[in-house]
There are 2 protein chains.
Amino acid sequence: MSHNMVAIAGRLREAGYRVTPQRQLILDSICAQGGHVTPEAVYEHVRTIAPTLSQATVYRTLHFLTEQGILTITQVDGGRFGYELAGPEPHHHLVCRACQASIELSHATLRPLYHAIEAQHDFAIDMNHVTFFGLCADCRHVARR
Amino acid sequence: MSHNMVAIAGRLREAGYRVTPQRQLILDSICAQGGHVTPEAVYEHVRTIAPTLSQATVYRTLHFLTEQGILTITQVDGGRFGYELAGPEPHHHLVCRACQASIELSHATLRPLYHAIEAQHDFAIDMNHVTFFGLCADCRHVARR
DNA sequence: ATGGATGCAAAAGTTTTGCAAAGAA
DNA sequence: TTCTTTGCAAAACTTTTGCATCCAT
């Protein structure tokens, strides 16, 4: 999935914010790495292109873009955060503990659970991202041997 | 829910580990606070009883007891960790973003989802703890006004 | 030109580690 | 006595913040 920089730039400018090379680079980087990216990974990647771009800018930009609804936070193993482009519909991930593979999970799969929880507990889950950890197909088969 | 210190102590000794006052205090503290406790909260609480007990010991003990299957890690808002006694069956939590209330969720509620994911993706989730964030019944009603 | 954004460096917060001393078995 | 565990302090990491400067608009 690619991002539409023109549309994003428009949204930002309309809200009175600026479209800087740093912000574009950081977005490009997240996109290039396919989402689920930690601040550190963004920094390391972006640094190869713009060596003076600071870590502070990475953190500030990630927060900012999340606040603007352009990125969303995902949980990453070890309690750290990952970021990725916010899609129009929430979606989720399965992450393999063995090989780190990341599999997309449609929101449709979780919807029944959300509804069940709402019915049982009158509780409205508002997470647009859930990450489940476990073993992927390949790694399960290896483990079984 | 209370913990059975005699049984836990036996398990540890059997495995060649020692049952120290610090370990007992830390377990007591987690139990007293009802689970979902951060390392910091454990430290602050235990400190009032044993002022010389160090943060390092808290961290080491939490890791150790988790490794021994006596505690489990739960996710806490903000990417930090919480700990609680490991029960015989996995269970989960709903945490209210507004009032921080923590509601227990039986594993039965999640089982259909786990099965669906296994059927669809041949992926075996191995999380014995999932935390969903959202709004609890009370806070939803307040928000609605 | 104007005010938002960046870079640098220092600070703040959290978790880990080395090592000598203490203490459970 | 033996070998695990603790306390202390320093180190390692990650994230945040202050402030002068820069630059997108």
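Chain identifiers are assigned alphabetically (A, B, ...) following the order of the sequence lines, protein sequences preceding nucleic acid strands; residue numbering begins at 1 within each chain.
Counting only distance, with no hydrogens or angles, the side chain of A/R23 and the backbone of A/R18 share a donor-acceptor pair below 3.5 Å.
Each of D/dA24, D/dC8, D/dT6 was ranked by its minimum atom distance to the side chain of B/Q22; first place goes to D/dT6. When each of C/dG7, C/dT15, C/dA5 is scored by its nearest atom to the side-chain atoms of A/R60, the top-ranked nucleotide is C/dG7. With C/dC19, C/dT16, C/dT15 as the candidates, the nucleotide lying closest to the side chain of B/Q55 is C/dT15. Nearest nucleotide to the side chain of B/V19, out of C/dT16, C/dG4, C/dA25: C/dA25. Checking C/dT15, C/dC8, D/dT14 against every side-chain atom of B/Y59, the shortest atom distance belongs to C/dT15. Comparing D/dT2, C/dG7, C/dT2 by their nearest atom to the side chain of A/R18 picks out C/dT2. For A/R13, the side-chain atoms get nearest to D/dT25 when compared with the rest of D/dT17, C/dA5, D/dT25.
Aromatic pair B/Y59/B/Y43: centroids not less than 6.0 angstrom apart.
Here A/S54 lies in heavy-atom contact (under 4.0 Å) with a base. Residue contacts for A/P21: at a heavy-atom cut-off of 4.0 Å it reaches the sugar-phosphate backbone alone, with no base atom in range.
Taking the charged nitrogens against the carboxylate oxygens, B/R140 and A/E118 do have a contact shorter than 4.0 Å, which makes a salt bridge.
For C/dG4, the OP1/OP2 oxygens have no side-chain nitrogen or oxygen of A/Y17 closer than 4.0 Å. Contact annotation: B/H63 side-chain N/O to C/dT15 OP1/OP2 distance is not under 4.0 Å. Note on B/T20: a side-chain N or O is less than 4.0 Å away from OP1 or OP2 of D/dT6. Of the side-chain N and O atoms in A/T57, none sit less than 4.0 angstrom from OP1 or OP2 of C/dT6.
One can place CD of A/E67 at 11 Å from P of C/dA5, the figure rounded to the nearest angstrom. When rounded to the nearest whole Å, the span between OH of A/Y43 and C1' of D/dC13 equals 14 Å. Rounded to an integer number of Å, the gap from CD of A/Q24 to P of D/dC23 is 15 Å. Here the P atom of nucleotide C/dA5 and the CG atom of A/L53 are 14 Å apart, to the nearest Å. Atom CZ in A/F64 sits roughly 13 Å away from atom C1' in D/dA24 (whole-Å rounding). Between the P atom of C/dT15 and the CD1 atom of B/I73 lies a distance of 11 Å, rounded to the nearest Å. Taking atom CG of residue A/L62 and atom C1' of nucleotide C/dT6, one finds them 15 Å apart after rounding to whole Å. In this structure, B/E40 atom CD and C/dT15 atom P are separated by 9 Å, rounded to whole Å.
Comparing B/P51 and B/R23, the nucleotide of DNA chain D nearest to each residue sits closer to the 5' end for B/R23.
Taken over five-pair windows at either terminus, the axes of the helix from C/dA1-D/dT25 to C/dA25-D/dT1 are inclined to one another by 40° (rounded to 10 degrees).
In this structure, A/T61 and A/L27 have side chains that are not in contact, with every pair of non-hydrogen atoms separated by 4.5 Å or more.
Between the side chains of B/T74 and B/H129, not a single donor N or O lies within less than 3.5 Å of an accepting N or O. No hydrogens or angles considered: nothing links the side chains of B/Q68 and B/H63 as a donor-acceptor pair under 3.5 Å.
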> Stepwise, does the side chain to side chain contact (heavy atoms under 4.5 Å, CB included) test hold for A/M127 with A/Y114?
Replying inline: CA-CA 10 Å; A/M127 299 175 79; A/Y114 279 32; 4.1 Å; yes
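When all heavy atoms of A/L71 and A/L62 are compared, the closest pair comes out as CD1-CD2, 3.8 Å.
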